[in-house]
Amino acid sequence: MMNGETTLLLGDVLERITPSDRIVIINAAKQVVYRGYAANAAHSNVSRQRKVKRFGIAMETYRGTDKMWDWEKTDKLPEQVPVEQFSEYKVEQLQHILYIRIELKNEFER
């Protein structure tokens, strides 16, 4: 703690989250380093000592597919639909995912 600022660690955030919550952990370079259920985050290779920049609820909208999101993988996400294009689709063609987004600080910053 410096200058009255509290440092929040990834482990602290994970302890406060319900194990069945879906989470996405993003590093300082905006890359997905973990995507899955909070209960399984302990098995990822992300250190629980990493500092958290911010976290909160996020939502993404996709054009519907048979398998919208595989929570076991961390590869590239399907193409998102920008809000401006919502009118191009029927309601049943769009699917939404709510999750907790955790953004990590740069490890090399002081």
Side-chain angles (χ1 to χ4, degrees):
M1 277 194 334
M2 294 177 60
N3 301 330
E5 182 181 313
T6 303
T7 300
L8 192 60
L9 301 178
L10 179 59
D12 298 334
V13 173
L14 293 176
E15 286 176 13
R16 297 175 188 172
I17 294 175
T18 305
S20 60
D21 285 346
R22 296 172 174 185
I23 64 171
V24 173
I25 301 174
I26 298 171
N27 65 15
K30 304 293 185 204
Q31 298 167 321
V32 174
V33 293
Y34 176 77
R35 178 174 70 229
Y37 293 100
N40 298 330
H43 303 295
S44 72
N45 60 354
V46 183
S47 169
R48 294 174 64 89
Q49 297 303 309
R50 290 287 305 270
K51 294 177 184 173
V52 173
K53 181 177 182 180
R54 64 177 161 234
F55 70 98
I57 299 217
M59 182 181 86
E60 292 178 346
T61 299
Y62 300 94
R63 186 166 175 208
T65 61
D66 290 337
K67 190 165 188 176
M68 189 163 84
W69 195 334
D70 183 351
W71 286 96
E72 299 302 315
K73 296 183 179 178
T74 56
D75 50 351
K76 193 172 186 290
L77 299 176
E79 199 64 38
Q80 292 183 45
V81 178
V83 174
E84 298 81 17
Q85 293 179 12
F86 280 5
S87 61
E88 296 177 21
Y89 300 96
K90 294 179 181 174
V91 172
E92 63 270 12
Q93 291 178 301
L94 297 176
Q95 296 178 332
H96 308 281
I97 297 175
L98 283 173
Y99 59 90
I100 297 172
R101 179 183 174 112
I102 303 170
E103 292 184 33
L104 302 175
K105 288 185 179 179
N106 187 331
E107 288 182 274
F108 304 106
E109 287 180 11
R110 287 190 170 254

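- Residues Ile17 and Leu10 are members of one and the same hydrophobic cluster, defined by side-chain heavy-atom contacts under 4.5 angstrom among Ile, Leu, Val, Met, Phe, Trp and Tyr.
- Under a hydrophobic-cluster definition in which Ile, Leu, Val, Met, Phe, Trp and Tyr are linked whenever side-chain heavy atoms come within less than 4.5 Å, directly or via other members, Ile26 and Tyr62 are assigned to the same cluster.
- For Arg50 against Lys105, the heavy-atom pair with the smallest separation is NH2-O, 3.0 Å.
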Evaluate Gln93 against Glu88 for side-chain contact (heavy atoms from CB on, under 4.5 Å), listing each step before the verdict. CA-CA 10 Å; Gln93 291 178 301; Glu88 296 177 21; over 6 Å; no

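- Just one of Ile100, Ile23, Val46 meets the side chain to side chain contact (heavy atoms under 4.5 Å, CB included) condition when paired with Leu14; it is Ile23.
- Partners of Glu84 according to the salt bridge (Lys or Arg N to Asp or Glu O under 4.0 Å) rule, which considers only residues two or more places apart in sequence or in another chain, do not exist here.
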Could you give me the CA-CA distance, side-chain angles and deciding distance for Glu60 and Val24, then say whether side-chain contact (heavy atoms from CB on, under 4.5 Å) is met? CA-CA 12 Å; Glu60 292 178 346; Val24 173; over 6 Å; no

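- Remark: Glu103 engages Lys30, Arg54, Arg101 in a side chain to side chain donor-acceptor pair (under 3.5 Å) (not counting sequence neighbours).
- In this structure a side-chain-to-backbone donor-acceptor pair under 3.5 Å is present from Ser47 to Gln49.
- Note that CD of Gln85 and CG of Leu94 are 10.0 Å apart. Values are rounded to the nearest 0.5 Å.
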Test log, rule side-chain contact (heavy atoms from CB on, under 4.5 Å), inputs Ile102 and Tyr34: CA-CA 10 Å; Ile102 303 170; Tyr34 176 77; over 6 Å; no

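- Here the closest heavy-atom approach between residue Thr61 and residue Met59 is recorded as OG1-CE, 3.9 Å.
- Between Lys51 and Leu104 there is no side-chain heavy-atom pair separated by less than 4.5 Å.
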Output, in order, the C-alpha distance, side-chain angles, deciding distance and verdict of side-chain contact (heavy atoms from CB on, under 4.5 Å) for Leu8 and Phe55. CA-CA 10 Å; Leu8 192 60; Phe55 70 98; 3.4 Å; yes

